[in-house]
Amino acid sequence: MESIRNRRTIRKYKSQDIPEELLNSLLEEASRASTMGNMQLYSAVITRSEEMKSKLAPMHFNQPMVTGAPVVVTFCADFNRFSLWCKQRKAEPGYDNFLSFINALSDALLFTQNFCTLAEDAGLGICYLGTTIYNPAPIIELLKLPKLVIPVATITVGYPDELPVQPDRLPLRGIIHNEVYKQYSEKDIDDIYSYKESLPENKNFVEINHTETLAQIFTDIRYKKADNELMSSGLVKVLKEQGFF
């Protein structure tokens, strides 16, 4: 698919709305994704109103895509619906545990990726917001998610109003292992990351942030250990509150 080969993240959208029938068609096709035991352990909350998008924005660090996109989709790992069905059919569900969350998480992300691929092939642009699992508690409250439902991904969707440069990717030789995992040597690491480190924009990041290496941008500025630990503890707390522990 050309849309996969040429894909890029879109953060600016035209004011043109997405027809409900198109969005529903994409979501229905996306539901053909692989799923654990054919249980479809996911749900999607569609946000179109300006009021709700404005309320969601702070939970995603006020990234402008949230209010700028005509549609925001919050994808959730969902064992609530299946558990209710079990109870109504005289079956006792045993899905209030961490393994069940991982199963629902996998289902939800497969569904999410299918949707993104289909949306882009239909001429729409998307932006994946990783901030969803950084800040799940207020999203749960705002979207009124019940027990056994956790938001795991948010996608902003709309007709593109920009054509940004396609971001780099690591070479395939840096990703693929044949038969068994082969540990990387220092030479391998230098080879795999050399192109990324050579890009002018990345060299500029290093310069303006006064770091010695590009890696330090990630470890010291963008994804710091202290932040990761804080958000990890918050996520564990939410998992307990939502019944997955």
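For the residue pair Gln216 / Asp220, no side-chain donor-acceptor distance below 3.5 Å is found, with atom types taken as modelled. Side-chain N/O atoms of Tyr13 and Thr156 include a donor and acceptor closer than 3.5 Å. The closest side-chain donor-acceptor pair between Ser100 and Asn103, if any, does not fall under 3.5 angstrom. A donor and an acceptor atom, one from each side chain of Thr117 and Asn114, are nowhere located under 3.5 Å apart.
At a threshold of 4.5 Å between non-hydrogen side-chain atoms, the residues Leu26 and Leu124 count as touching. With contacts defined as side-chain heavy-atom distances shorter than 4.5 Å, the pair Met39/Trp85 does not qualify. With contacts defined as side-chain heavy-atom distances shorter than 4.5 Å, the pair Lys87/Pro93 qualifies. No side-chain heavy atom of Thr47 sits less than 4.5 Å from a side-chain heavy atom of Val71. Contact check for Ile150 versus Cys76: no side-chain heavy atoms found under the 4.5 Å cut-off. Counting heavy atoms from C-beta on, the side chains of Phe244 and Leu148 come closer than 4.5 Å. Residues His60 and Thr132 have side chains in contact (heavy-atom distance under 4.5 Å, counting atoms from C-beta outward). Taking the side chain as every heavy atom from C-beta outward, Pro70 and Gln16 never approach each other to under 4.5 Å.
For the pair Arg48 (side chain) and Asp17 (backbone), a donor-acceptor distance under 3.5 Å is absent. No donor-acceptor pair under 3.5 Å is formed between the side chain of Asn38 and the backbone N or O of Thr35. One N or O on the side chain of Gln242 and one on the backbone of Val149 form a donor-acceptor pair closer than 3.5 Å. The main-chain N or O of Arg81 is found under 3.5 Å from a side-chain atom of Asp78 such that the two form a donor-acceptor pair.
Residue Arg5 comes nearest to Gln166 through the heavy atom pair O-NE2, 2.9 Å, listed as atom of the first residue, atom of the second, then distance. The nearest pair of heavy atoms linking Pro167 to Arg8 is CD-CB, 4.3 Å. Taking both residues in full, the closest heavy atoms of Thr67 and Lys53 are given as CG2-O, 3.9 Å, listed atom of the first, atom of the second, then distance. When all heavy atoms of Ile10 and Cys127 are compared, the closest pair comes out as O-CB, 3.4 Å. Here the closest heavy-atom approach between residue Arg11 and residue Glu162 is recorded as N-OE2, 2.6 Å. Pairing each heavy atom of Pro146 with each of Asn80, the nearest pair is CG-ND2, 3.7 Å.
Using a 4.0 Å cut-off between charged side-chain N and carboxylate O, Lys147 and Asp96 make no salt bridge. The pair Asp190-Lys187 fails the salt-bridge criterion, with no side-chain N (NZ, NE, NH1 or NH2) lying under 4.0 Å from an Asp/Glu carboxylate O. A salt bridge links Asp191 to Arg173: at least one charged side-chain nitrogen sits closer than 4.0 Å to a carboxylate oxygen. Under the 4.0 Å criterion applied to side-chain N and carboxylate O atoms, Lys14 and Asp161 are not assigned as salt-bridge partners.
Hydrophobic clustering keeps Val45 apart from Tyr42 (ILVMFWY residues linked when any side-chain heavy atoms are closer than 4.5 Å, directly or through intermediates). At a threshold of 4.5 Å between side-chain heavy atoms, the hydrophobic network of Ile, Leu, Val, Met, Phe, Trp and Tyr places Ile126 and Leu22 in one connected group. The hydrophobic clustering, which links ILVMFWY residues whose side-chain heavy atoms are closer than 4.5 Å, places Ile175 and Ile189 together. Under the 4.5 Å side-chain heavy-atom criterion for Ile, Leu, Val, Met, Phe, Trp and Tyr, Val238 and Leu109 are members of the same hydrophobic cluster. Two different hydrophobic clusters hold Leu118 and Met1 under the rule that ILVMFWY side chains link at heavy-atom gaps under 4.5 Å.
Atom CG of Asp107 sits about 12.0 Å away from atom CD1 of Ile102, to the nearest 0.5 Å. The structure places CG of Leu143 at 5.5 Å from CG of Leu56, a figure rounded to the nearest 0.5 Å. Separating the CG atom in Leu142 from the CE atom in Met52 is a distance of 4.0 Å, to the nearest 0.5 Å. With values rounded to the nearest 0.5 angstrom, Ile140 atom CD1 is found 11.0 Å from Thr74 atom OG1. To the nearest 0.5 Å, atom CG of residue Leu105 and atom CD1 of residue Ile133 are 8.0 Å apart. Remark: Ser34 OG to Gln113 CD distance equals 12.5 Å, nearest 0.5 Å.
Listed by first and then second residue, the side chain to side chain donor-acceptor pair (under 3.5 Å) pairs that reach into residues 197-214 come to none, sequence neighbours excluded.
Heavy-atom neighbours of Glu20 CD from other residues, nucleotides or ligands within 6.0 Å: at or below the threshold of 12. Counting non-hydrogen atoms of other residues, nucleotides and ligands closer than 6.0 Å to OH of Tyr184 gives a total above 12. Atom OH of Tyr159 is surrounded by more than 12 heavy atoms from other residues, nucleotides or ligands within 6.0 Å. Within a 6.0 Å sphere centred on NZ of Lys240, other residues, nucleotides and ligands contribute 12 heavy atoms or fewer. Atom CG of Leu23 has more than 12 heavy atoms from other residues, nucleotides or ligands within 6.0 Å. Atom OH of Tyr134 sits in a crowded spot, with more than 12 heavy atoms from other residues, nucleotides or ligands closer than 6.0 Å.
Phe111 and Phe75 have their aromatic ring centers within a separation under 6.0 angstrom.
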Q | Residues Gln40, Ser31; criterion side chain to side chain contact (heavy atoms under 4.5 Å, CB included); working and verdict | A | CA-CA 8 Å; Gln40 294 185 256; Ser31 71; 3.8 Å; yes
(Q) Checking Ser232 against Val236 for the side chain to side chain contact (heavy atoms under 4.5 Å, CB included) test, could you report, in this order, the C-alpha distance in whole Å, the side-chain angles of both residues, the deciding distance, and whether it holds? (A) CA-CA 6 Å; Ser232 292; Val236 169; 5.6 Å; no
Q.
The test is side chain to side chain contact (heavy atoms under 4.5 Å, CB included); show your working for Cys86 and Tyr95 and say whether it passes.
A. CA-CA 11 Å; Cys86 289; Tyr95 310 117; 4.3 Å; yes
Q.
For Val157 and Val73: C-alpha separation, side-chain torsions, deciding distance, then whether side chain to side chain contact (heavy atoms under 4.5 Å, CB included) applies.
A. CA-CA 8 Å; Val157 194; Val73 187; 4.3 Å; yes
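Ring geometry, Phe79 versus Phe82: the interplanar angle exceeds 60°, so the pair is classed perpendicular (tilted spans 30 to 60°).
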